[in-house]
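To start, the structure itself, in structure tokens.
Computed from a predicted model, the values in this text were never measured in an experiment.
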Amino acid sequence: MRRHMLRFSFVCIMMAIFLMLVQALVHSNDEEAGRPVVFFIPVEQAVERGLEAFMSRSFEAAFEAGADHIVLEMNTPGGAVDAAGNIAKLIQDTDIPITTFVNPDAISAGAYIALNTDRIVMHPNASMGSAAVIDGAGNAADEKTQSYWLSRMEAAAELNDRDPIYALAMADRNIDLPEVRAPEGELLTLGANQALEVGYAEAIASDRSELLEFIGLDNAIVEDMEVSFAEQLARFVTNPIVIPILLSIGSLGLVLELYSPGFGVPGIMGASALLLFFFGHMIAGFAGWESFILLGVGFTLILIEIFIPGFGIFGLLGIGSVIGGMLLASFSMTSMLIYIAIAIIVTAVAAVLIFKYFGFRGPMKKMVLTDSTSNEKGYITNETRKDLVGQIGETLTPLRPAGSAVFENERLDVVTEGGYIEQGSKIEIVYTAGSRIVVRESK
């Protein structure tokens, strides 16, 4: 009886502990259900199409989770104008309130993105501005592009009732604002205190806690968006500097493979570079299955050219198919044509230098067949019988101009110098070369 009582007591105690845990869990869930949700999205490194794809995914995740606020944690030196424009449109089309936390830099395209958000909060050591648009060579863009960018900066400032003169001064050196240390000839870059003074920042915060306290969500549930490995790879691959490098490696590898037997290191490098290009653009949302189909067709045709030479036809069709896939995968056909042109030039120059200076030495020796079947090395298909020259024989068949003849009881296939010789005529051998025996009628 005592043993049964102990067992019963133990069961009761365990049931009580279980009920307490369930109650605590339910209470905790009830508390979390009533708390606001804030999504923190990192805006780091260069602004490019890969970042655009990541932010699109992040905004969608925030919407599906019912987020009450989005914070862009910004630290960027700027980047592509087109990507910044698409990100700005993404921000404008989102109903969820958005705050930019500049920590520590929002330069160039980063400043433009920040101006499109509802609020800007800056770290005490943060800076924002210097938003002049430049081309790929680092020079000022053309007048048309400059005018477009200035209008976009002005519209972004006016979107949230900020004085547009400061946004224009960030992108135009001709604006004179000495009171904020941006005299004519210099671009405006605002520090945290200056931005607060001119209305380009609503607050200064040292960390997330101060930021959340400012926006009135200090008890919020914080959700951190993280860039996946695939997205990091996509951001790297879609960088305007990396694209022509990948295309150059891909095209050079395939060109070298066409000059080497089988499929070796150059082909593997070329194929890997092109696959990386297409994979990154697919993750970024630019390449569809049609691009991969063209890539697959192109590789197949190139392989056919490598293993079954077809006078370059299959190779040219394969290269054309790969280029078509690149154009379909591009975010800008004009930019992609420029990248392809750069890759072609680099490939041509590199190929000439490799074949000229390496020739059949070093690594090229393993890639290019250098042996030749010359007579000097003992490769003889037919022996030249010079001893026959001068012999007189008789035709066994008409020579029109080729036929058969007999010389000292030896039957030979002969050919005339071009004329016709009847059967039974006397002929003389005048020349021999391998299996070719030339005769003329004997007088």
Legend entry - Enclosure of Phe214 CZ (heavy-atom neighbours >12, cutoff 6.0 Å): yes
Inset, instruction - Kindly say whether Asn219 contributes a backbone atom to a donor-acceptor pair with the side chain of Arg35 at under 3.5 angstrom? - result: yes
Inset, instruction - With rounding to the nearest 0.5 Å, note down the distance linking CD1 in Ile215 to CZ in Phe101. - result: 10.5 Å
Legend entry - No-hydrogen, no-angle side-chain donor-acceptor test under 3.5 Å, Thr117 and Thr100: yes
Inset, instruction - Measure up the Tyr166 and Tyr200 rings against each other and bin them: parallel (under 30°), tilted (30 to 60°), perpendicular (over 60°). - result: perpendicular
Inset, instruction - Check whether any side-chain N or O of Glu210 sits under 3.5 Å from a backbone N or O of Ser206 as a donor-acceptor pair, and report yes or no. - result: yes
Legend entry - NZ/NE/NH1/NH2 to OD/OE distance under 4.0 Å, Asp224 and Arg208: yes
Inset, instruction - Taking atom CD of Glu417 as the centre, report whether more than 12 heavy atoms of other residues, nucleotides or ligands fall under 6.0 Å from it. - result: yes
Legend entry - Any side-chain donor near an acceptor of the partner, Glu52 and Asn86, under 3.5 Å: yes
Legend entry - Sidechain-backbone polar pair: Gln194 side chain, Gly191 backbone, donor-acceptor under 3.5 Å: yes
Inset, instruction - Please round to the nearest 0.5 Å and tell me the distance separating atom CG of Leu188 and atom CG of Leu168. - result: 10.5 Å
Inset, instruction - State whether the side chain of Asn160 and the backbone N or O of Leu115 hold a donor-acceptor pair below 3.5 Å, judged by distance alone. - result: yes
Inset, instruction - Identify the residue among Leu72, Ile96, Ile70 that makes a side-chain contact (heavy atoms from CB on, under 4.5 Å) with Ile91. - result: Leu72
Legend entry - Under 3.5 Å: donor-acceptor pair, side chain of Ser130, backbone of Ile107: no
Legend entry - Side chain to side chain, Ile204 and Val121, heavy atoms closer than 4.5 Å: no
Legend entry - Contact check, side chains of Met55 and Leu90, non-hydrogen atoms, under 4.5 Å: yes
Legend entry - Pairing of Arg162 and Glu202 as salt bridge, 4.0 angstrom limit: yes
Legend entry - Donor-acceptor contact present, side-chain Asp68 to main-chain Val37, <3.5 Å: yes
Inset, instruction - Check whether the side chains of Asn174 and Glu184 place a donor and an acceptor atom closer than 3.5 Å, and report yes or no. - result: no
